[in-house]
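Encoded as structure tokens, the structure appears first; notes follow it.
Chain A is the first sequence line, chain B the second, and so forth, proteins listed ahead of strands; every chain is numbered from 1.
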Amino acid sequence: MIVNESKNFAVPISGPFSLTDTLNCGQAFRWFNDGEYWCGVAHSRFLALKFENGVLKFYNTTKLEYEHIWREYFDLDRDYNIILKTIGNNDILREAANFAGGIRVLRQEPWETLCSFIISQNNNIPRIKKIIGSLSETFGKDLGDGNFSFPSAETLARLSIEDLSPIRCGFRAKYILDAATKVASGDIDLNLLSSIPLDDARKELTRIYGVGDKVADCTLLFGLGHIEAFPKDVWIKRAMEKLFGGILPKEAIPYAGIVQQYIFHYARMTKLSL
DNA sequence: AGCCAGGGTCTGC
DNA sequence: GCAGACCATGGC
């Protein structure tokens, strides 16, 4: 991977922060570590990152792009210290946060998030990454540096099931096409969903064939800024039952989505002997 | 070989 | 409303 060392912008981070956990905790699927940098494509741009000595360094970008794109993408304006302090009143949440408190819940592009979590269903993370990479290389825009953007809804809406067969996404192909059609036509306006109540936004997303509550909530949490969304996958269901008897502690409710991510990562890393 | 993976739909009670 | 079959694919 070609990283332009001279073109960079650095930002100090206060409080717990882990680039590895943030990019590797199953909320985003296009990031990888090349041994020196964290690399990935978002917003049709190749970005490389490093975190050392409390400073987050962005390569292949500018201060202007940082201000307009990456600052929001990495959720750097939110005070996570307050969240960690609040949930720390609960012993179990504090333990989960000791494990996963370096995670930032990303704010990814809505269409990419929706499409990615459609692909995630009944699937495992390595294969989700593989399919999304293949989808991007096959139908995304060539950025000229060996990287590809995530294909737009408009691009995918023009395809057929057979066109999608090379990416090996199985039964999910028809779901992708229905989502692409509804988004590209304007039938569903993703950006609008960030500003309406969670329940209304979820109802709108589940109009898409193949999108249920879990995929909708992942889209709302990781792509549309609804940090009160609480996606329930198999890991979370088991962990919630074991840790809290199925009921989220009240301290966590305002930031349910962020806490969900802590619990997810904690459960997976410790395997929780479920 | 069989089970599972950041699920959802459809059918039958 | 809820249980169960079924859906493609690949790693273990």
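- Residues A:Ile258 and A:Phe74 are members of separate hydrophobic clusters, defined by side-chain heavy-atom contacts under 4.5 angstrom among Ile, Leu, Val, Met, Phe, Trp and Tyr.
- Here the side chains of A:Arg30 and A:Glu112 are in contact, with some heavy-atom distance below 4.5 Å.
- Note on A:Gly26: a base of the nucleic acid sits closer than 4.0 angstrom, heavy atoms only.
- Side chains of A:Ile103 and A:His265 form a contact here, defined as non-hydrogen atoms less than 4.5 Å apart.
- The aromatic ring of A:Phe264 is stacked on the base of B:dG6, with the two ring centres less than 5.5 Å apart and the planes inclined by under 30°.
- Taking atom C1' on both nucleotides, C:dA3 is separated from B:dG6 by 22 Å, rounded to a whole Å.
- The same atom, P, is picked in C:dC2 and in B:dA5; the two are 22 Å apart, to the nearest Å.
- Rounded to whole angstrom, the span from the NZ atom of A:Lys214 across to the C1' atom of B:dA5 amounts to 11 Å.
- Spacing between atom CD1 of A:Ile103 and atom C1' of B:dG6 amounts to 13 Å, rounded to whole angstrom units.
- Of the two residues contacting DNA chain B, namely A:Lys232 and A:Tyr175, the nearest-nucleotide position lying further toward the 5' end is that of A:Lys232.
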Which protein N or O atoms sit under 3.5 Å from an N or O of nucleotides 10-12 of chain C?
residue, atom, partner, partner atom, Å
C:dG10, OP1, A:Arg168, NE, 3.3

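- As rounded to whole Å, 8 Å separates atom P of B:dG7 from atom CG of A:Asn123.
- Atoms CZ (A:Arg238) and P (B:dG6) sit 9 Å apart, rounded to a whole Å.
- With sequence neighbours excluded, no residue forms a salt bridge (charged side-chain N to carboxylate O under 4.0 Å, His left out) with A:Asp233.
- Classified by interplanar angle (parallel below 30°, tilted 30° to 60°, perpendicular above 60°), the ring pair A:Phe9/A:Tyr66 is tilted.
- Taking atom P on both C:dG11 and B:dG8, the two are 24 Å apart, rounded to the nearest angstrom.
- Atom P of nucleotide C:dA8 and atom CG of A:Leu164 are separated by 14 Å, given to the nearest angstrom.
- Here the P atom of nucleotide B:dG8 and the NZ atom of A:Lys174 are 13 Å apart, to the nearest Å.
- In this structure, CD1 of A:Ile176 is placed 13 Å from C1' of C:dT9, rounded to the nearest angstrom.
- Heavy atoms of A:Tyr209 sit under 4.0 angstrom from primed sugar atoms or phosphate atoms, though from no base atom.
- By the salt bridge (charged side-chain N to carboxylate O under 4.0 Å, His left out) test, A:Glu52 pairs with no residue at all, sequence neighbours left out.
- Rounded to a whole Å, the CZ atom of A:Arg172 is 9 Å from the P atom of B:dG7.
- For A:Phe99 and A:Tyr262, the ring centers sit 6.0 Å or farther from each other.
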